[in-house]
Chemist: 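Please see the structure below; I have some questions.
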Amino acid sequence: MKTSLLILPIAALASGCLETEGSYGTGRNSSGGTASASVNDRSGGGFTLVLSAGGSTCTGIFDDPAPGGKELSPLNCSGGNSGNATVLYDGNGRPERVVFGGVGIGSGSIEF
């Protein structure tokens with residue numbers, strides 16, 4: 001049952017239940033290779049993060065954007081992995097960079 005709960009956020013993004021227009025970036029992963037991420041506006045405010053790292057797809061919700069601020073959120077990851085991500089916001093309160101790390105996903109930084 002735990003696996004199905006992790007897949008739900010990913011399935012919602014794939015089916016178009018969440019808005020998909022946003023920013024995308026790639027960066028190096030400490031565990032080797034690259035990681036990629038996208039941030040998308042949520043209809044109720046804030047952002048959804050979709051991160052691909054270490055062979056997993058992870059999602060996180062960020063609901064308190066502030067100009068020049070930062071926000072930490074736990075990640076829901078496929079494959080039983082876990083992690084956290086911090087989004088750093090620019091002067092307009094838009095995601096500028098994400099810093100991530102966790103078990104099975106490595107760590108890194110991605111600019112949007």
Chemist: Hey, mind stepping through T59 and L75 against side-chain contact (heavy atoms from CB on, under 4.5 Å) and telling me if it holds?
Modeler: CA-CA 5 Å; T59 59; L75 296 173; over 6 Å; no
Chemist: Please check if any side-chain donor atom of T48 sits under 3.5 Å from a side-chain acceptor atom of N40, or the reverse.
Modeler: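 The answer is no; no qualifying pair exists.
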Chemist: Can you name the side chain to side chain donor-acceptor pair (under 3.5 Å) partners of T34, sequence neighbours left out?
Modeler: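 Partners of T34 under the side chain to side chain donor-acceptor pair (under 3.5 Å) test: none.
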Chemist: Give me the atom names and distance for the closest heavy-atom approach of E71 to P65.
Modeler: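 That closest heavy-atom pairing would be OE1-N, 3.8 Å.
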Chemist: Taking all atoms of both residues into account, what is the closest heavy-atom pair of Y24 and S36, and its distance?
Modeler: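 Residues Y24 and S36, closest heavy atoms: OH-CB, 3.3 Å.
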Chemist: Can you tell if the side chain of R42 reaches within under 4.5 Å of the side chain of I61, non-hydrogen atoms only?
Modeler: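 Yes - at least one pair of side-chain heavy atoms lies under 4.5 Å apart.
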Chemist: State plainly whether the residues D64 and K70 are in salt-bridge range, i.e. N to O under 4.0 Å.
Modeler: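 Salt bridge absent between D64 and K70.
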Chemist: Can you tell me if N29 uses its side chain to pair, donor with acceptor, with the backbone of G32 under 3.5 Å?
Modeler: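 Not at all, since once roles are kept as given, no pair shorter than 3.5 Å links the two residues.
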Chemist: Do the side chains of T57 and V50 get nearer than 4.5 Å, heavy atoms only?
Modeler: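 The answer is yes, as the side chains (C-beta and beyond) meet within the 4.5 Å cut-off.
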Chemist: To the nearest 0.5 angstrom, please state how far the CG atom of D63 sits from the OG atom of S73.
Modeler: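 One finds 8.0 Å between CG of D63 and OG of S73.
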Chemist: So, do F62 and P95 sit near enough that their side-chain heavy atoms are less than 4.5 Å apart?
Modeler: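 No, their side chains stay 4.5 Å or more apart.
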Chemist: Mind checking whether F47 and V87 have side chains closer than 4.5 Å, heavy atoms only?
Modeler: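 No. Closest side-chain heavy atoms not under 4.5 Å.
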Chemist: For A35 versus A53, what's the shortest heavy-atom pair and its separation?
Modeler: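 Taking A35 first and A53 second, the nearest heavy atoms are CB-CB, 4.0 Å.
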Chemist: Pairing donors with acceptors under 3.5 angstrom, does anything connect the side chains of Y89 and E96?
Modeler: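 No.
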Chemist: For N92 and R94, indicate whether the former's side chain and the latter's backbone hold a donor-acceptor pair under 3.5 Å.
Modeler: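 Judged by distance alone, no pair lies under 3.5 Å.
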Chemist: Apply the test side-chain contact (heavy atoms from CB on, under 4.5 Å) to residues L49 and V98: give CA-CA distance (whole Å), side-chain angles for both, the deciding distance (0.1 Å), then the verdict.
Modeler: CA-CA 9 Å; L49 171 77; V98 63; 4.0 Å; yes
Chemist: Start with the C-alpha gap between I105 and F100, add the side-chain angles, then the distance that decides, and say whether side-chain contact (heavy atoms from CB on, under 4.5 Å) holds.
Modeler: CA-CA 9 Å; I105 63 170; F100 68 92; 4.2 Å; yes
Chemist: Search all heavy atoms of S56 against all heavy atoms of S78 and return the closest pair with its distance.
Modeler: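 Looking at all heavy atoms of both residues, the shortest contact is OG-O, 3.1 Å.
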Chemist: Tell me the closest heavy-atom pair linking I110 and T26, and the distance in Å.
Modeler: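 Of all heavy-atom pairs spanning I110 and T26, the closest is CG2-N, 3.6 Å.
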Chemist: Do F112 and V39 make a side-chain contact, defined as non-hydrogen atoms from C-beta onward lying under 4.5 Å apart?
Modeler: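 They are in side-chain contact.
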Chemist: For residues C77 and N81, report the shortest heavy-atom separation together with the two atoms involved.
Modeler: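 Heavy atoms of C77 and N81 come nearest at CB-O, 3.2 Å.
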